[in-house]
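By convention in this document, chain letters (A, B, ...) are assigned in the order of the sequence lines, proteins followed by strands, and residues within each chain are numbered from 1.
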Amino acid sequence: MIEIPKTYDPKQAESEHYARWERQGYFAPEINRDPVAPVYSIVIPPPNVTGSLHMGHALQHTIMDVLTRYKRMSGYRTLWVPGMDHAGISTQIQVEKQLRKEGLTRHDLGRERFNERVWQWKEEYGGQILKQMRREGASVDWSREHFTMDERLSRAVREFFVHMYEKGWIYHGEGMISWCPKDQTALSDLEVDKESQAGHLYYLQYPVKGSERRVTVATTRPETMLGDTAVAVNPNDERYADLIGATIELPLTNRLIPVIADDFVDPEFGTGAVKVTPAHDPNDYAMGQRHNLPLVKVIDSHARMTAEAGAEFEGLDRYEAREKVVRNFEALGLLEKVVDYEFSITKCGRCRTVIEPLISTEWFLKQAEMGRAPLELIREKHEPRFVPQVPYEKVYTTWLENLYDWTLSRQLWWGHRIPAWYTEDGRTIVARTEEEARERAGTDNLTQDPDVLDTWFSAALWPISTLGWPDETEDFKIFYPTSLLVTARDIIFLWVSRMMMTGLEFTGKKAFDDVFITGTVFDKHGQRMSKSKGNGVDPLEVFDKYGVDATRLTLASIGSTDTRWNDKQVESFRNFANKIWNAARFALMNSEGGKVGSGFEADRSEWSLHDRWIVSLLNKTARDVEQALAAYDFYDAVQKLYHFFWDDFCDWYIELSKAEVSAEAPSPERDAARSRLLTVLEQALRLLHPFMPYITEELWQRLPGISEEQLHPAYKSAGAPTVMLASYPRPDESLINERAESEMQSVIDLISRVRNIRSELNVKPAERIKIFVSAPEEQTRKVFDESTGQIERLTRASAIFIGNGLNVPRASARQVLGGGAEVAVPLEGLIDFAQELERLSREREKLQKEAAKLEAQLSNPQFVERAPEEKVSEIRDRLADIERRDHALEQMMEALG
RNA sequence: GCCCGCUUGGCUCAGUGGUAGAGCACUCGCUUCACACGCGAGGGGUCAAUGGUUCGAAUCCAUUAGCGGGCACCA
């Protein structure tokens, strides 16, 4: 007898199997020996090298791993590519922090040594998350791990840049950018966040030259008035019509600025007159270009006032300057009023510092050009397919319809250096290598652009670069386009859309067929989990507490739904794992003489009812799971597996098979029953494996009779048998048996009704009862007859009498079954008649309520006329059945009372 | 301001035109020889509100309320 512990210990299984799978190369697509196998590939959203695992990752990884394992077991040549992102700013800041502890700054080291230091940091501390992924059970191919700063991927980045430059879609020029005064770098619009903030709106009066008149403008940033180069009004605004073309004497400066007319100005807002600061506001910049206004830069890259702001202000912080400007206006009697005002403020997505819009010379990419192909594809073919389609397809499409230039350059040291060199005579050479640049420049005297590229620039290439692009590698040919991308919704613009752009630009093919957007996991109060709030739930702690498999089931169930995290859910899946463990424990304790795979060889007609029944349900479950996974409905897949295993297999099949399986004496029948139990269990473990890799492997290995036989043909001779290479059970329609299901159901109903009587009437558990069953249909009687042993055991009955219209002792508790059958349990003075009468009358009340509903429906001529006939007759049948039951109950009450 | 989504039992969530579901929690009974992380039996919801379409609405449409998301504006 094989004995295993009573309680499943996840840690033990988790510590063993992953290392073996990895060592044996099971994660690599090469394990598949089928030359014509279909291909399934996913690239992981590369986590930051600085990152550690959070619930969002765990959710994404679970989804990807479930599908990868499912496809692998289904015989696909499966590749899941892991890797990391160099995460420019984050990483640089992390290393600078470390340097600061040594009393150093990056400038003390210089660029080259600093970068060496970052690499060193990466080797020592980076990639925490990759170790954590192993714990998750993620079946990624570690032999294909990539890092965005690797030489090969860097080459791809340069290729991308040069290609786009030559095409004219990347340019170097002056533009309005978002500048972070703390991180000292330009940012793209996607790397800044808007936050609403309570502040003030200042109404400033500007004197009009040659008149007593003043124009009042409103601003939230008074300090920028020092850089004003115009006042704008709406051309149709009658209030200001006569002022257009007039000259303003800009206070606190001795500059004269014009009043201009521009449609941008909303006459309804503020005073209808707008101060224009082209150097420090994106809208004003655009207006400045339209009207050829000069740029007066009054704020520098440290958010301090420049010399151009005037001697009085030079060197002041922007907020000090703001106060001073306001004080000065007040002193001059030009401050009209200050009102409380809530407006939004733009902050650095990383450090939360308030962004300063600045004019700067940077590298830009014309995203509108690059976005055309993906826009056409989504509009015309709805590709890639977003799941859920609503709302993401639309969000993505709208984004592509409104593209603007992407600021590529970052004033950082860690990242891909921009492949542009400048000659002394001011030429710009963009080349793949410095040698090439020298050759083209005709001189060795070149200076490379000091800036690096936005981290998302290399990320945009991830699916093609990790597979080998720009080289025509085997991997690229086989695995591109990828099958699926799984990610969170907040990087649809930042990342997803850009991978589609590069994929289509360089290969003419979309980067992935489908995009699955996961839900967001909130804390129990509905708050987003975040480091700063400290409300995050650490997946590793959950793993420790409940096991990886239970956590994975929880996460898979979450899928694309926004959900508040709930430990109880994980706990219930932990219990499920324990249930699986104990079902297997039972099978193993009773496995002598039986073995997997030999259970159902006999003629099907010899299988007992519960065998035909469970095999039918097993195949339906395989079918349902297949369909659910095809639809990315992970919740449904988990539900189907959970209820099949627990309700059908454990609660009924194991109980029903006990008589044969745990018989004392060995016999061919016992061996066969044991084999059938083992076989169903083995198939169930395979079905569960993509979701619960550890416990399934742990148990599967122990089943008697496991061999290469169970492996998918593509993995025969792959090595030691492992459930992860077994073939995923496919539904066999010929084994789906509706008749067996309905017959078994009638037995289950009978047992449940009797148990209900026992429970409701407080019949002591030890008390043996007699059961009288009356069934008008011969087939039903036959089914009950063949199951008497089961029925007796599961209802703790001493005897069962089956007939048609049996004479039942007067003092009996009775229940009505389907098909006009009845069950009666003689009470023999065991219980209180009044109690039974009450129970029956409650039962009748329920039935009558339902009957009234159905009758009303049938007495509505509209319904009878217009509803489909099958619906009407269905209602009639149901009503008839209820009436039969009600009648039977009435008789029972008469008999008692 | 524009667009989108959500609102189902105490909690977390399924269900998208024809008998309201699950897990947890709750009640009752069980040391039944796989499992108390269990077994058996139960209770509990006018599906946010209003109006409409329909023979029939949790499900479709409209309006309202509350919550959430995206985009724009924010001088």
Side-chain angles (χ1 to χ4, degrees), chain A residues 4 6-8 194 196 199 201-202 204 217-221 224 231-232 264-266 269-277 281 283-284 287 341-346 388 390-392 394-395 398-399 402 489-490 492-493 520 522 524 526 546 550 554 557-558 561-569 571-590 633 635-636 639 642-643 650-651 654-655 658 662 751-752 755-760 762-766 793-796 850 853-854 857 860-868 870-872 874-875 878 882:
Chain A
I4 63 176
K6 253 181 157 178
T7 305
Y8 171 55
K194 301 208 168 159
S196 116
L201 189 57
Y202 302 87
L204 309 178
V217 296
T219 178
T220 55
R221 295 195 299 154
T224 62
V231 166
F264 170 77
V265 180
D266 175 6
F269 191 89
T271 61
V274 186
K275 58 188 277 312
V276 184
T277 322
D281 181 276
N283 290 312
D284 292 3
M287 225 185 308
Y341 185 64
E342 187 166 321
F343 61 104
S344 65
I345 199 162
T346 309
V390 178
Y392 301 116
K394 193 169 171 184
V395 166
T398 310
W399 167 255
N402 299 287
R489 61 169 161 261
D490 45 348
I492 290 176
F493 309 145
T520 305
F522 298 103
K524 63 181 169 186
Y546 300 108
T554 309
S557 295
I558 288 173
T561 313
D562 287 356
T563 302
R564 297 177 184 209
W565 184 258
N566 187 338
D567 262 11
K568 287 284 180 190
Q569 185 59 253
E571 190 182 324
S572 97
F573 284 129
R574 188 271 316 263
N575 296 350
F576 179 54
N578 195 239
K579 190 74 183 177
I580 295 169
W581 181 261
N582 275 288
R585 179 166 177 261
F586 172 78
L588 291 171
M589 284 165 65
N590 297 285
D633 188 346
Y635 177 88
D636 192 47
Q639 287 295 310
Y642 180 94
H643 290 291
C650 292
D651 287 352
I654 289 182
E655 295 306 324
K658 271 181 181 170
S662 29
I751 292 168
S752 301
R755 283 172 169 175
N756 173 264
I757 291 172
R758 293 191 66 121
S759 179
E760 291 272 318
N762 297 319
V763 176
K764 295 274 174 291
R793 210 157 31 78
L794 297 181
T795 59
R796 313 190 124 231
E850 209 183 323
K853 237 161 82 181
L854 298 179
Q857 208 170 349
N860 177 356
Q862 308 260 48
F863 170 71
V864 182
E865 271 165 40
R866 299 195 200 179
E870 54 176 67
K871 207 75 233 170
V872 177
E874 185 196 311
I875 300 281
R878 261 167 49 202
I882 287 175

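- A/F522 comes within 4.0 angstrom of no nucleic acid atom, judged by non-hydrogen atoms across all strands.
- Of all heavy-atom pairs between A/R758 and A/K764, the closest is NH2-O, 2.8 Å.
- Within 4.0 Å (heavy atoms only), A/T561 reaches sugar-phosphate atoms of the nucleic acid but no base atom.
- Mapping A/N402 and A/F586 onto RNA chain B by nearest heavy atom places A/F586 closer to the 5' end of the strand.
- Here B/rC73 is the nucleotide among B/rA34, B/rC4, B/rC73 with the atom lying nearest to any side-chain atom of A/S344.
- Residue A/F576 is out of contact with every strand shown, counting any heavy-atom pair closer than 4.0 Å.
- In this structure, the side chain to side chain donor-acceptor pair (under 3.5 Å) partners of A/T520, at least two apart in sequence or on a different chain, are A/R489.
- On the C1' atoms, B/rA49 is 15 Å away from B/rC67, given to the nearest whole Å.
- A straight line from CH2 of A/W565 to C1' of B/rC11 spans 16 Å, rounded to a whole angstrom.
- Atom-to-atom, CZ of A/R564 to P of B/rC13 comes out at 6 Å; the value is rounded to the nearest Å.
- Following rounding to the nearest Å, A/R574 (CZ) and B/rC37 (P) show an atom-to-atom distance of 7 Å.
- With both ends at atom P, the span from B/rA57 to B/rG18 equals 11 Å, rounded to whole Å.
- Spacing between atom CD1 of A/I558 and atom C1' of B/rA14 amounts to 13 Å, rounded to whole angstrom units.
- Among the heavy atoms of the strands, none lies under 4.0 Å from A/S662.
- Atom CZ of A/R489 and atom P of B/rG68 are 13 Å apart (whole Å).
- When both pairing distances are held under 3.5 Å, B/rG38 makes a Watson-Crick or G-U pair with B/rC30.
- Looking at heavy-atom distances under 4.0 Å, A/D562 makes contact with sugar-phosphate atoms alone, never a base.
- Distance from the side chain of A/K853 is smallest for B/rU19 among the nucleotides B/rG70, B/rU19, B/rG21.
- The nucleotide whose nearest atom lies closest to any side-chain atom of A/F343 is, among B/rA41, B/rA34, B/rC74, B/rC74.
- Here the closest non-hydrogen pair linking A/G199 and A/F343 is CA-CE2, 3.6 Å.
- For the residue pair A/F586 and A/S662, the shortest heavy atom distance occurs at CZ-OG, 4.4 Å.
- Residue A/P868 is in base contact, counting any heavy-atom pair closer than 4.0 Å across all strands shown.
- Across all strands, A/E655 comes closer than 4.0 Å to base atoms (heavy-atom distances).
- Under 4.0 angstrom from either OP1 or OP2 of B/rG5 there lies no side-chain N or O belonging to A/K394.
- B/rG17 and B/rA34: their C1' atoms are spaced 45 Å apart (whole Å).
- Here B/rU19 sits opposite no nucleotide as a Watson-Crick or G-U wobble pair (both hydrogen-bonding atom distances under 3.5 Å).
- As judged by a 4.0 angstrom heavy-atom cut-off over every strand, A/R878 is placed among the base-contacting residues.
- Nucleic acid contact class of A/N283 (heavy atoms, under 4.0 Å, all strands): sugar-phosphate only.
- Residues forming a side chain to side chain donor-acceptor pair (under 3.5 Å) with A/K658 (at least two apart in sequence, or on another chain): A/E655.
- Here the closest heavy-atom approach between residue A/L204 and residue A/T219 is recorded as CD1-CG2, 3.9 Å.
- Residue-to-nucleotide contacts include no donor-acceptor pair under 3.5 Å from the side chain of A/K194 to the base of B/rA72.
- With hydrogens and angles ignored, the 3.5 Å screen pairs no side-chain donor or acceptor of A/N756 with any backbone N or O of A/S752.
- Mapping A/S557 and A/D651 onto RNA chain B via the closest heavy atom, the residue that lands nearer the 5' end is A/S557.
- With a cut-off of 3.5 Å on both Watson-Crick or G-U wobble distances, the partner of B/rG45 is given as none.
- In this structure B/rG5 sits in a base pair with B/rC67, meeting the Watson-Crick or G-U test at under 3.5 Å.
- Residue contacts shown for A/K871 include a base, since a base heavy atom lies under 4.0 Å away.
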Please tabulate the protein-to-nucleotide N/O contacts below 3.5 Å involving nucleotides 23-28 of chain B, giving atom names and distances.
{"residue": "B/rG23", "atom": "O2'", "partner": "A/S572", "partner atom": "OG", "Å": "3.0"}

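- With sequence neighbours excluded, no residue forms a side chain to side chain donor-acceptor pair (under 3.5 Å) with A/N566.
- Between A/G272 and A/V265 the shortest heavy-atom distance is O-CG1, 3.3 Å.
- For B/rA58 and B/rU8, the P atoms lie 15 Å apart once the distance is rounded to whole Å.
- Under the Watson-Crick and G-U wobble criteria, each requiring two contacts below 3.5 Å, nucleotide B/rC60 is paired to B/rG52.
- For a distance-only test at 3.5 Å, the side chain of A/K6 fails to qualify as a donor-acceptor partner of the base of B/rC35.
- Judged by Watson-Crick or G-U wobble contacts below 3.5 Å, the nucleotide B/rC73 has no partner.
- Summarising the geometry, the separation between CZ on A/F573 and C1' on B/rC13 is reported as 11 Å, rounded to the nearest angstrom.
- A/Q639 meets the side chain to side chain donor-acceptor pair (under 3.5 Å) test with A/H643; sequence neighbours excluded.
- Judged by atom type and distance alone, A/R585 does not reach the base of B/rC35 through any side-chain donor-acceptor pair under 3.5 Å.
- With distances taken from any side-chain atom of A/Y635 to the nucleotides B/rA41, B/rA22, B/rA34, the minimum falls on B/rA22.
- Annotation: salt bridge (Lys or Arg N to Asp or Glu O under 4.0 Å) contacts of A/R564 (sequence neighbours excluded): none.
- For A/F493 and B/rA72, the CZ to P distance is 9 Å, given to the nearest whole Å.
- Distance from the side chain of A/P765 is smallest to B/rC30 among B/rC30, B/rA41, B/rG70.
- Comparing B/rG21 with B/rU16, their P atoms are spaced 14 Å from each other, to the whole Å.
- Separating the CG atom of A/D266 from the C1' atom of B/rC2 is a distance of 15 Å, rounded to the nearest angstrom.
- Backbone-only contact: A/Y341 has heavy atoms under 4.0 Å from sugar-phosphate atoms and none from a base.
- Nucleic acid contact class of A/V390 (heavy atoms, under 4.0 Å, all strands): sugar-phosphate only.
- Within the nucleic acid shown, A/T563 comes within 4.0 Å of sugar-phosphate atoms alone, with no base atom in reach, counting heavy atoms only.
- Candidate nucleotides B/rA34, B/rG42, B/rC37 were compared by shortest atom distance to the side chain of A/M589, and B/rA34 ranks first.
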